[in-house]
Amino acid sequence: MNFGQLYGARLDEELGTDDSTRLFTTARRQFGVNEGLRQFADLTECFTKESTIASSNGVGEYDLLSTVNTTGADFVRISKQEPEYRRTSSGSSGSTAYTAGDDLRRTTVQWLDQYEPGWRNSTGSTPRYYYTRRQGGQHLIGLYPPPRLTSSQTGRIRLPFVARPSSLTSDTQVPFKDSSLATRHDFEPYHMAPVHYAAYQLNKLRLEYEDSGRQLQAFMAYVQRFLGALTPKGGQSLKVARSYFGDARKRGPAHT
């Protein structure tokens with residue numbers, strides 16, 4: 001369904017009226033549907049993108065709000081998919097080294113303070129941990145150790161992140177379709193979710209709190225349906241938080 005159908009006929013059905021000039025104005029209808037799209041994307045992480053952040057020799061922290069998006073309008077938070085660090089060497093024998101997964105673990109400043117004393121004084125190496133922190137108007141991602149790069153090397157962080165969908169403005173636009181992307185037909189079963197969210201908000205204008213609550217429940221049912229569809233079918237295996245065998249292998253054989 002396109003935007004015109006969502007804030008028009010579909011929302012008429014949920015509100016029980018086609019009023020678009022008095023209480024349920026067109027502007028309020030459109031705002032409600034767009035807010036529903038943003039809430040659905042935030043709760044499900046269904047709308048993700050990737051950004052590449054250039055790193056510098058010895059520099060450990062980078063502001064996500066200025067490096068991922070110059071206005072910070074697109075970036076919401078780092079997604080569940082972990083970042084990856086790439087170091088590329090130029091020249092005739094150029095190569096790229098990747099650091100990811102268990103080799104680039106998420107941590108916190110507090111953990112580093114306790115278990116890596118003096119970590120702030122590191123002059124650089126291959127990053128083994130990453131962390132995030134907020135400072136004033138900044139949302140920072142940090143690498144420890146900070147990357148060590150020679151003049152013939154470049155380093156980049158590949159960062160998957162949850163993105164904020166652009167607002168729909170034209171009646172012919174389709175949810176979750178950026179100008180550079182093809183139409184996401186896999187989202188079509190969930191197009192009614194933002195309609196229910198808009199009805200949830202608009203029903204409060206006529207003090208219909210019971211109907212408003214039912215619309216919110218319908219919206220959350222779509223959220224749970226989407227998340228449930230992501231659950232792998234069949235049995236699932238458990239993974240311990242720390243691989244002691246892997247740690248021992250990295251340390252090498254014991255000496256007596």
Side-chain angles (χ1 to χ4, degrees), residues 1-51 64-66 68-79 134 136-139 161-229:
M1 288 178 282
N2 60 37
F3 187 37
Q5 293 169 324
L6 294 176
Y7 77 79
R10 299 287 78 79
L11 191 50
D12 289 348
E13 295 171 356
E14 299 305 320
L15 293 173
T17 177
D18 61 358
D19 167 38
S20 62
T21 59
R22 301 179 64 183
L23 188 61
F24 304 132
T25 63
T26 297
R28 285 173 174 170
R29 286 166 169 262
Q30 292 177 340
F31 179 84
V33 170
N34 276 317
E35 183 62 19
L37 288 173
R38 286 187 284 269
Q39 290 294 329
F40 188 81
D42 182 56
L43 292 171
T44 63
E45 295 197 5
C46 67
F47 194 65
T48 58
K49 296 182 179 180
E50 287 188 359
S51 182
L64 295 173
L65 300 185
S66 62
V68 174
N69 186 279
T70 55
T71 64
D74 198 29
F75 175 82
V76 177
R77 62 181 177 274
I78 297 176
S79 70
R134 291 174 173 81
Q138 295 179 308
H139 188 161
F161 66 96
V162 178
R164 181 176 290 105
S166 301
S167 293
L168 303 178
T169 56
S170 169
D171 283 0
T172 59
Q173 286 181 290
V174 178
F176 300 113
K177 181 184 183 302
D178 278 3
S179 57
S180 60
L181 301 175
T183 300
R184 293 291 304 272
H185 295 291
D186 55 323
F187 283 134
E188 290 178 1
Y190 308 98
H191 279 183
M192 280 298 295
V195 175
H196 287 296
Y197 189 89
Y200 149 68
Q201 293 286 24
L202 292 173
N203 267 317
K204 291 187 287 186
L205 295 176
R206 56 184 177 188
L207 306 181
E208 294 286 354
Y209 296 113
E210 186 174 345
D211 288 343
S212 178
R214 282 196 291 265
Q215 292 292 344
L216 180 59
Q217 290 177 359
F219 168 76
M220 291 304 301
Y222 274 97
V223 171
Q224 295 304 318
R225 176 182 169 186
F226 183 92
L227 295 175

Query raised in the report: Which distance, rounded to the nearest 0.5 Å, do you find between the CZ of Phe75 and the OG of Ser66?
Result: 11.0 Å
Query raised in the report: Between atom OG of Ser20 and atom CG of Asp12, what is the distance when rounded to the nearest 0.5 Å?
Result: 8.0 Å
Report task. Indicate yes or no for a side-chain donor-acceptor contact from His139 to the backbone of Arg134 under 3.5 Å, with no hydrogens or angles considered. Result -> no
Query - Pro189 versus Asp186, closest heavy-atom pair with distance - result: CD-O, 3.5 Å
Query raised in the report: Which pair of heavy atoms, one from Ala229 and one from Tyr190, lies closest together, and at what distance?
Result: CB-OH, 4.0 Å
Requested in this report: Look up atom CG in Asn203 and atom OH in Tyr209, then write down how far apart they are to the nearest 0.5 Å.
Outcome: 10.5 Å
Query - Closest heavy-atom pair and its distance - Gly36, Phe219 - result: O-CE1, 3.9 Å
Query raised in the report: Centroid-to-centroid, Phe226 to Tyr222, below 6.0 Å?
Result: no
Report task. Of all the heavy-atom pairs spanning Arg22 and Arg28, show the shortest one and how long it is. Result -> O-NH1, 4.2 Å
Query raised in the report: To the nearest 0.5 Å, what is the distance between NE2 (His196) and CZ (Arg10)?
Result: 10.5 Å
**Report entry** Spacing of CZ belonging to Arg77 relative to CZ belonging to Arg164, to within rounding of 0.5 Å
**Finding:** 10.0 Å
Query raised in the report: Where is the tightest heavy-atom contact between Ala41 and Val162, given as atom of each residue plus distance?
Result: O-CG1, 4.2 Å
Report summary line: Correct closest heavy-atom pair for Thr48 and Ser79 would be CG2-CB, 4.3 Å
Query raised in the report: Are Asp171 and Tyr7 close enough, and set up right, to give a side-chain hydrogen bond (donor to acceptor under 3.5 Å, both in side chains), and what steps lead you there?
Result: CA-CA 9 Å; Asp171 283 0; Tyr7 77 79; 2.6 Å; yes
Query raised in the report: Given the side-chain rings of Phe40 and Phe47, with only the six-membered ring counted for Trp, is the space between their centroids under 6.0 Å?
Result: no
Query raised in the report: Out of Gln30, Glu35, Gln173, Arg38, which residue meets the side-chain contact (heavy atoms from CB on, under 4.5 Å) rule with Ser167?
Result: Arg38
